[in-house]
Amino acid sequence: MTEGTRPTNFIRQIIDADLASGKHSLVVTRFPPEPNGYLHIGHAKSICLNFGIARDYRGRCHLRMDDTNPAKEEAEYVEAIKQDVHWLGFDWGEDAYHAADYFEQLYQWAEALIRAGKAYVDDQSAEEVRRTRGTLTAPGTPSPFRNRSPAENLDLFRRMRGGEFPDGSRTLRAKIDMASPNLNLRDPVMYRIRREHHPRTGDKWCIYPTYDWAHGQSDAIEGITHSLCTLEFEAHRPLYDWFLEQIGIEHRPRQIEFARLNLTYTVMSKRLLNTLVKDGLVSGWDDPRMPTIAGLRRRGYTPEAIRLFCDRIGVAKADSTVEMDLLENTLRETLNVSAPRALCVHRPLKVVVENWDEGRVDQIDALFMPESPATGSRKLPFTRELFIEREDFMEVPVKGWRRLSPGKEVRLRHAYVLRCTGVKKDSSTGEVTELRATIDPETRSANPKDGRKVGGTIHWVSAPLSSPATLRLYDRLFQVANPGAGEIDFRTQINPRSLQVVEGARVEAALAAVKPAERYQFERKGYYFADPKDSREGAPVFNLIVPLRDTWGKSAAG
RNA sequence: UGGGGCGUCGCCAAACGGUAAGGCACCGGGCUCUGACCCCGGCAUUUGUAGGUUCGAUUCCUACCGCCCCAGCCA
């Protein structure tokens with residue numbers, strides 16, 4: 001499936017049925033992040049699901065900040081979240097909301113529940129509430145304040161709002177069933193007292209609604225038809241429906257749960273991600289190794305690749321962990337047809353072409369994308385002294401070696417066929433320091449006239465007419481597929497080679513003035529992204545987005 | 001243990017009673033001035049297990065087994 005074909009899943013089937021039955025004529029979904037942290041690729045799944053449905057059904061998807069808990073939320077996250085959603089390619093139009101904007105309405109509904117005898121003010125402490133909730137098998141015990149009169153409850157609740165009671169001293173609880181086998185129905189808390197400055201409402205309120213009391217009602221107010229959330233909210237659905245029923249609103253959104261995204265070799269919870277940042281294990285929320293949207297963006301991932309990934313993983317109810325390979329594959333697939341090619345020698349080995357005059361420069365025209373000539377070309381200067389990749393030379397070649405070795409020929413990409421005629425080594429270390437070679441002048445962008453076959457093609461750059469570059473080679477953040485599994489501190493499982501900085505790389509002349517945030521495929525190596533913050537003209541810094549598949553390296557290593 | 005979910009190829013995931021899609025991964029082979037891309041072929045007699053209903057079951061029923069979630073005044 002390529003991006004653009006419609007995904008199908010059980011949620012879309014429900015929507016199809018609702019449209020067919022006439023239950024709804026317009027589909028309205030919502031993406032409700034809590035502004036207490038950065039978005040990660042797990043959120044991207046939800047974003048693509050919700051906005052994707054709105055797009056395909058010509059409906060709407062609202063962006064709603066689920067800001068009911070001022071103790072944890074900050075305004076700075078709101079902007080970051082909006083930026084991430086836009087970057088992913090989605091637009092909520094005029095429909096940006098805050099749960100906090102519904103506080104007054106929620107309060108009025110709460111009073112109505114009190115009048116109806118469906119909610120009461122509880123004077124018990126958090127500790128007492130916890131102790132009397134019962135267990136999985138034993139029912140809870142009713143609060144001694146459970147049967148206060150509506151009038152007393154109303155008075156108390158108003159005084160709670162008025163600030164007469166200290167933080168945590170009282171709550172408003174829904175009066176449902178302390179013996180319910182579903183713990184969420186054992187008189188859940190609707191309001192807690194908390195003198196906390198709210199980024200949206202300031203100091204207007206000292207009581208704040210809980211998620212359960214705020215979410216369904218917010219959905220109803222906005223006319224959401226399908227409220228999509230993750231599996232752990234499944235047991236909350238009876239409560240979601242109960243509140244809607246009690247306030248008597250006619251619009252009834254339907255909550256549907258799906259499995260959250262897990263990815264191998266990384267962690268996804270905000271808590272763990274936060275630990276990585278706080279402990280300095282990564283450079284920040286936008287460290288290119290992070291699964292955050294900001295991190296992936298900094299790394300060079302594209303929105304289209306992430307969207308394609310989200311289409312491919314599907315949406316279902318079974319707990320699952322997707323292999324990182326699938327994500328990387330969507331990057332390669334999309335970048336293969338969009339990234340111009342370039343030559344970059346990561347670890348240079350000097351080659352002197354003995355039959356090429358000093359000072360002579362041959363400007364060879366090379367297509368940026370051989371399969372899309374319309375993309376244009378650039379000049380590759382060929383000179384007497386070149387650099388090739390150290391690992392493309394092997395003094396004693398192994399079986400199947402198609403690259404350079406003494407006396408053998410190899411094709412220099414876009415240029416000439418080159419034969420290695422000599423090897424210079426450091427007398428003390430034995431390390432190869434320089435190669436001597438000759439080129440076949442008849443082979444400039446052409447095959448040998450005598451019809452002989454040249455096995456391999458390697459990349460190269462002119463030694464004098466190339467530029468130095470810094471490469472940041474990224475690899476999976478963790479060494480194990482499921483970090484933190486089995487009592488192990490996930491911090492000890494970080495991949496020590498998750499970032500390798502290569503300082504002495506050389507890029508072809510055309511890349512001397514590369515602009516930040518440009519993407520290239522460095523042929524035979526991988527896809528790279530000029531770091532948007534650190535790369536500058538004359539001193540380019542490239543982040544490895546994803547390496548090219550390497551069947552040779554794999555078989556050689558295995 | 002009570003409640004709510006889920007179990008289809010190594011990883012995702014279709015199939016909605018008519019005889020197991022697709023993607024990723026993997027394994028062969030071809031092509032190749034990127035050992036990339038691309039192309040061809042292979043990859044579940046079987047859908048957690050055991051029974052049952054049916055001409056026919058991944059789809060319906062029953063019982064087991066396994067995994068996940070719920071005892072925040074977090075979301």
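Lettering follows sequence order; numbering is per chain, from 1.
Out of B/G5, B/C33, B/A36, the shortest distance to the side chain of A/T551 is found at B/A36. For A/A235, counting side-chain heavy atoms from C-beta on, the closest listed nucleotide (B/G3, B/G35, B/C6) is B/G3.
Atom CG in A/L136 sits about 11 Å away from atom P in B/G3, given to the nearest Å. Regarding A/R341, its CZ atom lies at a distance of 14 Å from the C1' atom of B/C33, rounded to whole Å. One can place CZ of A/R12 at 15 Å from C1' of B/A14, the figure rounded to the nearest angstrom.
Contact annotation: A/R192 side-chain N/O to B/A75 OP1/OP2 distance is under 4.0 Å. For B/G35, the OP1/OP2 oxygens have a side-chain nitrogen or oxygen of A/R524 closer than 4.0 Å. Within the structure, a side-chain polar atom (N or O) of A/R133 is placed less than 4.0 Å from OP1 or OP2 of B/G72.
One finds a salt bridge joining A/R170 and A/D123 here, because a Lys/Arg side-chain nitrogen approaches an Asp/Glu carboxylate oxygen to under 4.0 Å. Of the charged side-chain nitrogens involved, none lies within less than 4.0 Å of a carboxylate oxygen, so that A/K175 and A/D187 do not count as a salt-bridged pair.
With hydrogens and angles ignored, no donor-acceptor pair closer than 3.5 Å exists between the side chain of A/H459 and the base of B/A36. Side-chain atoms of A/Q13 come within donor-acceptor range of the base of B/C16, with a qualifying N/O pair under 3.5 Å. A donor N or O paired with an acceptor N or O is found under 3.5 Å between the base of B/G10 and the side-chain atoms of A/E323.
Looking at heavy-atom distances under 4.0 Å, A/R403 makes contact with a base.
Every pair passing side chain to side chain donor-acceptor pair (under 3.5 Å) that includes a residue from residues 316-332 of chain A is listed here, sequence neighbours excluded: A/E234-A/K317.
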